[in-house]
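Reminder, nothing fancy here: chain letters follow the sequence lines and each chain counts from 1.
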Number of protein chains: 2
Amino acid sequence: MAANSRLTIAAHALAWLELARRRGREVLTSDEVAASVNTNAVIVRRSLGDLQRAGLVTARRGNGAGFSLGRPAGEITLLDVWLAVSPEPLLALHSSEPNLQCPVGRGIRPVLTDLYDEATEAFRAALARSTVTGVLERILE
Amino acid sequence: MAANSRLTIAAHALAWLELARRRGREVLTSDEVAASVNTNAVIVRRSLGDLQRAGLVTARRGNGAGFSLGRPAGEITLLDVWLAVSPEPLLALHSSEPNLQCPVGRGIRPVLTDLYDEATEAFRAALARSTVTGVLERILE
DNA sequence: ATCGAATGTAACAAGGACAGTTGCTTCCGG
DNA sequence: CCGGAAGCAACTGTCCTTGTTACATTCGAT
């Protein structure tokens with residue numbers, strides 16, 4: 001499958017929001033974000049909608065509206081972003097139940113679930129080590 | 001997205017091959033593996049074809065043919081299996097190039113590539129800690 | 001009170017990934 | 001040379017993702 005680029009879009013938007021804030025612009029429209037990410041404004045609104053539901057950004061409607069960070073960029077980790085935009089698990093079990101007559105079919109699912117959870121946890125822990133501030137500083141270096 | 005279940009199918013097949021081997025059957029047909037996984041024999045052949053290309057199983061054709069393990073089950077890690085069946089990266093960058101006029105658009109890609117590599121490496125390291133033998137023993141407990 | 005700018009959201013199309021299925025070809029032991 | 005099994009190509013149906021258009025909703029400014 002074409003792997004998810006949702007984390008990329010969301011992280012890009014947040015870094016851009018933080019840079020704009022440092023430059024004195026607290027609020028950006030979805031059009032302005034879309035211009036930097038180079039995609040459609042609706043895509044941005046969908047993505048930032050996820051982030052808003054997680055409290056990572058706030059959206060104001062009406063005239064002069066737009067998006068701003070929901071909390072300091074140094075307190076938003078990539079894991080927060082990942083959890084906000086990516087509900088799907090990294091690894092899936094069988095799409096149809098295995099044969100329970102077979103010892104392997106009977107016992108494999110809890111074992112794999114366990115191992116998949118460990119791998120997913122390691123993945124998440126790595127994402128938790130970066131913040132939006134960290135990403136932006138590395139960009140600006 | 002419906003997450004990949006390819007690792008699940010391949011790990012299941014390998015565990016079943018190893019259990020059969022312990023019971024004195026060195027070779028299983030794709031039909032026999034498919035019966036345990038509860039899927040189509042072609043799906044199994046496709047999956048075991050990937051494993052064969054990676055040297056994890058061997059396939060014999062002709063009458064009385066089938067699949068057997070390519071090396072000891074204790075020397076096959078889930079990472080080996082993952083690498084054999086899943087060429088796609090876990091995380092993707094932008095599907096279309098970001099706006100290079102913007103400082104964020106210009107600098108974000110190497111930063112994210114780096115962070116994604118770290119998270120992917122953590123994920124892989126976790127998979128590398130389990131072997132087919134380990135999976136099977138936990139199933140049989 | 002109205003206007004306009006922006007979010008929110010639904011509907012849709014194109015493209016790709018995946019599981020599953022059928023049918024045919026190739027291989028090779030007996 | 002026969003038959004069983006892998007290999008493989010083509011096709012279907014389903015789902016996800018990106019992108020697009022269109023419209024309803026919200027709300028500050030005038």
Side-chain angles (χ1 to χ4, degrees), chain A residues 1-10 12-13 17 20 25-35 37-53 57-68 70 85-99, chain B residues 1-10 12-13 17 25-35 37-53 56-68 70 85-99:
Chain A
M1 157 191 71
N4 256 6
S5 61
R6 277 189 286 185
L7 178 60
T8 296
I9 291 171
H12 186 145
L17 277 175
R25 300 212 43 208
E26 286 283 340
V27 172
L28 291 182
T29 68
S30 60
D31 261 327
E32 291 170 314
V33 175
V37 178
N38 190 23
T39 183
N40 192 285
V42 175
I43 303 288
V44 171
R45 291 203 288 270
R46 287 209 275 246
S47 176
L48 293 186
D50 289 335
L51 300 185
Q52 188 192 10
R53 255 162 256 128
V57 302
T58 61
R60 284 211 316 272
R61 303 176 66 162
N63 199 344
F67 296 89
S68 40
V85 301
S86 188
E88 298 286 330
L90 279 178
L91 298 166
L93 293 185
H94 309 70
S95 51
S96 59
E97 179 171 86
N99 183 353
Chain B
M1 151 198 72
N4 255 7
S5 61
R6 277 188 287 186
L7 177 60
T8 296
I9 290 171
H12 186 144
L17 277 173
R25 300 211 44 207
E26 286 284 339
V27 172
L28 292 182
T29 68
S30 59
D31 260 327
E32 290 169 314
V33 175
V37 178
N38 189 23
T39 183
N40 193 285
V42 176
I43 302 289
V44 171
R45 289 204 288 269
R46 286 209 275 246
S47 176
L48 292 186
D50 289 335
L51 300 184
Q52 188 191 11
R53 256 161 256 129
L56 306 185
V57 302
T58 61
R60 285 212 314 274
R61 303 176 65 161
N63 199 345
F67 296 90
S68 39
V85 301
S86 189
E88 299 286 331
L90 280 179
L91 298 167
L93 292 186
H94 309 70
S95 51
S96 61
E97 179 171 86
N99 184 353

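As a whole-Å value, the separation of His94(A) NE2 from dA19(C) P is 12 Å. One can place CZ of Arg46(B) at 12 Å from C1' of dT22(C), the figure rounded to the nearest angstrom. Computed from coordinates, the Leu7(B) CG to dA17(C) C1' distance equals 17 Å when rounded to whole Å. Taking atom CD1 of residue Ile43(A) and atom C1' of nucleotide dG8(C), one finds them 14 Å apart after rounding to whole Å. Rounding to whole angstrom units, CG of residue Leu93(B) and P of dT18(D) are separated by 13 Å. Residue Asn40(B) contributes atom CG, which lies 18 Å from atom P of dA10(D) at whole-angstrom precision. In this structure, Asn4(A) places its CG atom 18 Å from P of dC15(D), rounding to the nearest Å. Spacing between atom CD of Glu88(B) and atom P of dA17(C) amounts to 6 Å, rounded to whole angstrom units.
Taking five base pairs at each end of the helix from dA1(C)-dT30(D) to dG30(C)-dC1(D) and finding the rotation axis that steps the C1' atoms of four pairs onto the next four gives two axes whose angle is 10°, to the nearest 10°.
In this model, the phosphate group of dC18(C) is not approached by any side-chain N or O of Ser5(B) to a distance below 4.0 Å at OP1 or OP2. For the pair Thr39(A) and dG19(D), the criterion of a side-chain N or O lying under 4.0 Å from OP1 or OP2 is met. The shortest distance between the side-chain N/O atoms of Ser95(B) and the OP1/OP2 oxygens of dG19(D) is below 4.0 Å.
Partners of Arg61(A) under the salt bridge (Lys or Arg N to Asp or Glu O under 4.0 Å) rule, at least two apart in sequence or in another chain, do not exist in this structure. Residues passing the side-chain hydrogen bond (donor to acceptor under 3.5 Å, both in side chains) test with Thr39(B): none are found, sequence neighbours excluded. Taking the side-chain contact (heavy atoms from CB on, under 4.5 Å) definition, one finds that Arg46(B) meets it with Val42(B), Ile43(B), sequence neighbours left out. Listed by chain and number, the residues in a side-chain hydrogen bond (donor to acceptor under 3.5 Å, both in side chains) with Arg25(A) are Glu32(A) (sequence neighbours excluded). In this structure, the side-chain hydrogen bond (donor to acceptor under 3.5 Å, both in side chains) partners of Thr58(A), at least two apart in sequence or on a different chain, are Ser68(A). Applying the side-chain contact (heavy atoms from CB on, under 4.5 Å) test to Glu26(B) and every residue at least two apart in sequence or in another chain returns Arg21(B). Applying the side-chain contact (heavy atoms from CB on, under 4.5 Å) criterion to Ala10(B), with sequence neighbours excluded, gives Ser47(B), Leu51(B), Val81(B), Val85(B).
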Please write out each protein N/O paired with an N/O of nucleotides 5-7 of chain D under 3.5 Å, distance rounded to 0.1 Å.
unit_1 : atom_1 : unit_2   : atom_2 : d
dA6(D) : OP1    : Ser30(B) : N      : 2.7
dA6(D) : OP2    : Ser30(B) : OG     : 2.6
dG7(D) : OP1    : Gln52(B) : OE1    : 3.1
dG7(D) : N7     : Arg45(B) : NE     : 3.2

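Looking at Arg6(A) and Ser86(A), their side chains never bring a donor and an acceptor atom within 3.5 Å of each other.
No donor-acceptor pair under 3.5 Å is formed between the side chain of Asn38(B) and the backbone N or O of Asn99(A).
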